[in-house]
Amino acid sequence: MIKKTLLTTAAATALLAASPALADCTIKVGVLHSLSGSMAISETTLRDVMLMLIDGQNAKGGVLGCQLEAVVVDPASDWPLFAELTRQLLTVNEVDVIFGAWTSVSRKSLLPVLEELNGLFFYPVQYEGQESSRNVFYTGAAPNTQAIPAVDYFLEELGVESFALLGTDYVYPRTTNAILEAYLLGKGIAPEDIFVNYTPFGHADWSTIVSDVVALGAGGKQVGVISTINGDANIGFYTELAAQGVSADDIPVVAFSVGEEELSGLDTSRLVGHLAAWNYFMSLDTPENEAFIAAWHEFIGDTDRVTNDPMEAHYIGFNMWVNAVEAAGTTDVDAVREAMWGQEFPNLSGGMAVMNTNHHLSKPVLIGEIRADGQFDIISQTAEIPGAAWSPFLPESANLVSDWKELECGMFDTATNTCVQLTSNY
Amino acid sequence: MLRLPRLAAFAACLIALACLGAVPAAAQTPPASESITPLQDVLQQVQPLVANPSRATVAQVLGALLEADAPGTVAFLRAWAEREVYERPEDGLFFFARDTANRNLMLVDIDTGAEVAEVTSREVNQIRPNAGVRREIGAALVSFELLNPDPARRLAALENIARSPDAEQIEPLQAAFAIEEDSRISERMERLLDLLNARFATDTATRVDAIDGLSGDISTEARRILNQILQTMRAAVGEYVFFDAYLEPDPAVTAAARASLDSTRTAISLWQFLSISLDAVSLASIFFWRRSALPSPLG
């Protein structure tokens with residue numbers, strides 16, 4: 001009976017592919033971004049950019065001759081709800097692909113459901129790595145394409161000697177800081193020159209922590225802050241920096257989760273010179289970016305709205321998915337994920353993004369300084385770097401690689417030559 | 001408009017700047033009079049280091065520029081730091097630029113000031129030195145800025161010194177202090193001289209005087225300097241004996257720093273004591289008020 005169902009599905013898919021003129025063949029795209037709660041500041045825009053991309057694709061005739069239909073749900077910054085809504089999207093709405101999530105805790109929450117139901121998921125935000133699910137394509141940066149180059153910049157260009165690692169208390173900041181701590185110790189930074197602090201989501205009172213960071217400089221060393229603070233807690237943090245007159249010349253702050261969208265509600269005149277590391281900035285002067293911004297402004301009906309890195313990640317991921325579906329001739333998850341390997345699509349910084357078989361992208365690393373107008377001056381841009389799923393700086397992952405094509409494994413131990421596990425319940 | 005003492009002091013600062021970095025052999029340029037583009041000539045000899053500036057290599061550029069001493073060097077350095085210099089990829093030449101009415105850029109020759117060509121922003125690379133590079137250029141420009149006729153520029157130069165204190169700054173700062181007429185600025189100069197001398201002066205008497213001058217100063221910048229002087233290393237002697245040895249070898253200096261820091265701490269402690277005392281008074285008054293207002297449980 002199962003066999004029969006499969007055959008029927010295959011036949012139906014073949015029929016759809018062969019008859020693009022048939023109108024009744026809607027392809028459903030799940031959009032799973034928080035539209036309320038502490039992460040709405042960052043995620044609402046990603047819902048909007050998905051709607052723009054889907055509209056644009058439909059105007060071009062859809063995919064495989066079928067129109068795309070967005071199925072939007074609101075997980076409300078509530079991590080277990082991400083898992084529940086993933087189940088709903090896959091079993092009730094029967095979507096063909098999901099684009100969504102921002103925080104790693106939300107991604108970790110939905111992973112078991114996604115893998116159990118063999119869904120296809122595009123995750124657009126920079127994250128801590130240490131993961132490579134067969135069902136997820138990671139279109140944001142891994143630590144080697146964001147955090148590590150930013151720390152190198154602090155060490156080599158700004159001469160930072162004492163590091164304050166400030167983060168929101170969840171898996172992304174904790175894992176990233178563990179990697180960065182190991183990396184800094186390896187670079188000869190003493191343990192007493194690494195100050196780590198975690199605060200809850202939505203944390204508002206930053207005066208003591210900012211004072212503590214300023215006091216680190218009383219010893220005469222150049223202090224720098226690496227911020228993995230997420231969501232609306234950033235408003236209080238940057239407001240306090242400005243209130244205490246912490247200029248980027250005194251104590252530079254580089255953030256990994258703050259971009260144009262998060263700054264758009266702030267007076268950035270007193271934050272000039274603080275930094276962010278991303279793979280995209282709105283200020284990129286390329287024809288591709290100009291067209292993207294124009295399309296965004298037309299869609300959203302407001303020329304003051306900004307663009308940012310996770311929006312570019314969705315832009316790349318969505319277009320790769322469209323091309324992979326066209327190449328596979330079907331939306332079938334297993335066929336599409338194989339067609340995803342090696343997909344190339346022009347990124348908005350002028351180069352070519354490539355999806356590697358570890359499900360991570362090759363992208364350039366950019367470092368930008370905040371300007372008074374809330375945009376970034378790009379002061380450093382690398383060539384495309386392949387994102388690494390596993391960090392070589394942590395002993396537990398030093399021998400791990402991911403390769404779903406050749407090794408058919410996302411967590412392969414090169415020391416023992418074995419696949420540690422196929423699911424992501426680590 | 002620069003007065004003579006300012007010029008003399010600037011000459012001294014140029015000499016100091018020339019020591020900033022080793023001048024590469026390639027940077028030996030013909031005398032400025034032989035070329036109509038002396039500034040462009042010297043920049044082309046360190047072209048990649050100007051186009052892609054880095055903290056590790058900026059000293060080579062500064063050294064080459066000051067060795068060549070072409071007209072317009074200071075204006076170029078300021079424009080470079082302010083990200084107002086552009087590179088044309090096809091020939092690697094550097095230009096200043098101004099915006100045109102139709103949102104293009106008019107390239108301007110860095111030697112002659114002549115308009116060269118109108119281009120789009122994508123036809124040239126804007127050079128954006130990072131904060132580390134700008135700090136180095138800024139330090140080199142500090143001496144010049146300390147003598148600028150504009151008081152706001154002189155104050156900004158003092159803030160630069162406070163941020164990255166350096167032994168090289170003492171001499172130009174002293175020269176500027178000697179002729180400073182604005183009392184607000186000269187007060188700030190005197191304090192910075194104390195901070196610099198406390199840390200970098202070579203003779204003990206000057207350092208002790210400067211450290212005494214910082215006594216009771218509770219600002220972070222003063223405490224930072226005092227703490228640096230008192231930095232210790234822990235040495236193990238024999239098997240079980242440990243002792244703290246100051247990295248600063250001059251006992252007169254460490255004693256003065258210790259005394260100044262202690263008096264600073266006394267000042268901080270006095271404030272803390274006052275604050276706790278007020279808390280105590282406040283608590284006591286609540287206590288007595290409750291005693292008088294409420295009936296005693298025994299009574």
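Every chain is numbered from 1 and lettered A, B, ... according to where its sequence line falls, protein lines coming before strand lines. The shown structure was predicted, so the numbers you read here are calculated from the model rather than taken from an experiment.
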When rounded to the nearest 0.5 Å, the distance separating CG of B:Asn160 from CG of A:Asp249 is 7.5 Å
Practice task
List the steps and the verdict of salt bridge (Lys or Arg N to Asp or Glu O under 4.0 Å) for A:Asp250 and B:Arg163.
Solution key: CA-CA 7 Å; A:Asp250 305 322; B:Arg163 260 186 207 118; 2.7 Å; yes
Whatever's closer than 4.5 Å to a heavy atom in chain B on A:Ile378 counts as both
ask   = Between A:Glu369 and B:Arg134, does a salt bridge (Lys or Arg N to Asp or Glu O under 4.0 Å) hold up when you go through it step by step?
value = CA-CA 13 Å; A:Glu369 282 184 6; B:Arg134 294 168 75 169; 3.7 Å; yes
Answer key: most heavy-atom pairs under 4.5 Å with chain A among B:Ser121, B:Ala56, B:Pro53, B:Pro165 is B:Ser121
One should read off an interatomic distance between A:Ile379 CD1 and B:Ile127 CD1, to the nearest 0.5 angstrom, of 14.5 Å
Rounded to the nearest 0.5 Å, the CG atom of A:Asp377 sits from the CD atom of B:Gln126 at a distance of 6.5 Å
Bottom line for A:Glu156: the part with an atom under 4.5 Å from chain B's heavy atoms is backbone
Within residues 80-91 of chain B, contacts to chain A at heavy-atom distances under 4.5 Å involve B:Arg83
In terms of heavy-atom contacts, B:Ala131 and A:Leu158 come closest through CB-CD2, 3.6 Å
Point to revise | N/O donor-acceptor pair under 3.5 Å between B:Arg55 side chain and A:Glu157 backbone | key: yes
Within residues 286-309 of chain A, contacts to chain B at heavy-atom distances under 4.5 Å involve A:Thr286, A:Pro287, A:Glu290
When the 4.5 angstrom heavy-atom criterion is applied to B:Arg122 and chain A, the contacting part is both
CD (B:Glu187) with more than 12 external heavy atoms under 6.0 Å: no
